[in-house]
Amino acid sequence: MAPPPADGATAGPTQRALDAAEDRWRRAAADLDNLRKRYAREVAREREIERELVTSAFLPVLDTIDRALEHAAADPESIVEGIRTLREQALAVVSGLGYGREDEPGVPFDPARHEVVGLVDADGAGTPPGSVASVVRPGYGAPGRQLRPAAVTVAQRQES
């Protein structure tokens with residue numbers, strides 16, 4: 001039996017339906033490929049915008065560092081004050097990016113926000129059992145978005 005003719009004029013209705021379905025499939029595949037490429041470009045552009053925003057937020061911190069280095073030979077108290085200012089600027093940048101500092105002793109221990117690095121006697125620490133006695137390393141984050149947990153010591157009752 002001979003294959004059907006290549007032109008659609010003499011092809012049967014089944015072949016025309018198959019050709020139309022294949023054409024729609026190829027168009028959909030091309031549309032999907034174009035969408036994937038456009039999405040990749042948009043993601044790259046958004047990443048660049050975010051990098052610019054974060055870098056811009058840190059520029060005042062760099063300016064303060066430059067000013068501090070210019071006055072390195074000044075009296076120690078002015079250097080300490082400059083470092084305090086620098087710290088406040090850096091904390092403001094991190095907080096502005098949505099990651100507040102968590103360094104409060106006395107709050108109830110929360111395993112989602114705290115990492116226990118030691119246990120201390122509740123009576124000696126002056127805090128109730130099960131609460132944060134001291135913060136060894138501050139954490140940064142927000143509810144549901146923890147960047148780094150706070151490393152803490154936790155108060156507990158001593159067994160007698």
Side-chain angles (χ1 to χ4, degrees), residues 21-160:
E22 183 179 357
D23 181 58
R24 286 192 308 271
W25 175 79
R26 289 184 191 279
R27 289 176 189 268
D31 286 345
L32 180 61
D33 190 47
N34 289 339
L35 180 65
R36 189 175 17 248
K37 290 175 184 174
R38 184 173 69 235
Y39 179 72
R41 284 191 305 269
E42 288 176 11
V43 166
R45 185 174 53 244
E46 288 299 319
R47 283 183 180 156
E48 183 63 30
I49 289 169
E50 284 301 314
R51 284 185 12 199
E52 288 175 7
L53 289 172
V54 171
T55 303
S56 294
F58 269 103
L59 290 179
V61 175
L62 291 173
D63 293 340
T64 301
I65 291 171
D66 288 340
R67 281 193 303 278
L69 290 173
E70 288 172 5
H71 302 317
D75 79 289
E77 187 58 36
S78 66
I79 299 294
V80 170
E81 186 57 36
I83 291 173
R84 283 190 184 111
T85 301
L86 178 61
R87 179 180 177 275
E88 292 303 316
Q89 285 179 331
L91 285 173
V93 168
V94 171
S95 179
L97 293 171
Y99 297 103
R101 184 178 173 105
E102 297 177 355
D103 60 355
E104 294 181 48
V107 298
F109 171 74
D110 179 0
R113 297 177 33 223
H114 302 119
E115 173 186 348
V116 178
V117 295
L119 299 172
V120 297
D121 178 35
D123 294 330
T127 58
S131 64
V132 173
S134 67
V135 178
V136 177
R137 182 195 70 215
Y140 293 90
R145 294 184 353 196
Q146 196 68 30
L147 185 62
R148 179 179 83 182
V152 299
T153 59
V154 177
Q156 72 174 17
R157 289 252 183 251
Q158 291 293 334
E159 303 275 333
S160 299

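Of the inter-residue distances, the one linking L119 atom CG with F109 atom CZ reads 9.5 Å to the nearest 0.5 angstrom. K37 NZ to L32 CG: the interatomic distance, rounded to the nearest 0.5 Å, is 11.0 Å. One finds the CG atom of L62 at 9.5 Å from the CD atom of Q89 (value rounded to the nearest 0.5 Å). Note that the CZ atom of R101 and the CG atom of L91 stand 5.5 Å from one another [nearest 0.5 Å]. Residue Y140 holds its OH atom at 11.5 Å from CD of Q146, rounded to the nearest 0.5 Å.
Closest approach of P128 to A155, counting heavy atoms only: O-CB, 3.6 Å. In terms of heavy-atom proximity, D103 sits nearest to P138 at CB-CB, 3.9 Å. Scanning all heavy atoms of the two residues, the minimum distance from V93 to A57 falls at CG2-O, 3.1 Å. Between A133 and V120 the shortest heavy-atom distance is CB-CG2, 3.4 Å.
For R148, the CZ atom is densely surrounded, since the number of other residues' heavy atoms within 6.0 Å is greater than 12. Within 6.0 Å of CD in E115 there are more than 12 heavy atoms belonging to other residues, nucleotides or ligands.
Contact annotation: the side chain of V43 never approaches that of E46 to less than 4.5 Å [non-hydrogen atoms, C-beta and beyond].
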Task: side-chain contact (heavy atoms from CB on, under 4.5 Å) assessment of R137 paired with V117 - done: CA-CA 10 Å; R137 182 195 70 215; V117 295; over 6 Å; no

Task: Criterion salt bridge (charged side-chain N to carboxylate O under 4.0 Å, His left out) on D63 and R67, from CA distance to verdict - done: CA-CA 6 Å; D63 293 340; R67 281 193 303 278; 5.2 Å; no

Open item on the list: The test is side-chain contact (heavy atoms from CB on, under 4.5 Å); show your working for L86 and I65 and say whether it passes.
Closed with: CA-CA 7 Å; L86 178 61; I65 291 171; 3.6 Å; yes

Open item on the list: What verdict does the side-chain contact (heavy atoms from CB on, under 4.5 Å) test give for E52 and T55, after you've listed the backbone C-alpha separation in whole Å, the side-chain angles of each residue and the deciding distance to 0.1 Å?
Closed with: CA-CA 5 Å; E52 288 175 7; T55 303; 5.8 Å; no

Task: Full working for salt bridge (charged side-chain N to carboxylate O under 4.0 Å, His left out) between E48 and R45 - done: CA-CA 5 Å; E48 183 63 30; R45 185 174 53 244; over 6 Å; no

Open item on the list: Applying salt bridge (charged side-chain N to carboxylate O under 4.0 Å, His left out) to D31 and R27, what does each step give before you reach the verdict?
Closed with: CA-CA 6 Å; D31 286 345; R27 289 176 189 268; over 6 Å; no

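No salt bridge links E88 with R84; every basic N to acidic carboxylate O contact stays at or beyond 4.0 Å. Between E50 and R47, no side-chain nitrogen of the basic residue sits less than 4.0 Å from a carboxylate oxygen of the acidic one, so the salt-bridge criterion is not met.
T153 contributes a side-chain N or O that, together with a main-chain N or O of S134, makes up a donor-acceptor pair within less than 3.5 Å.
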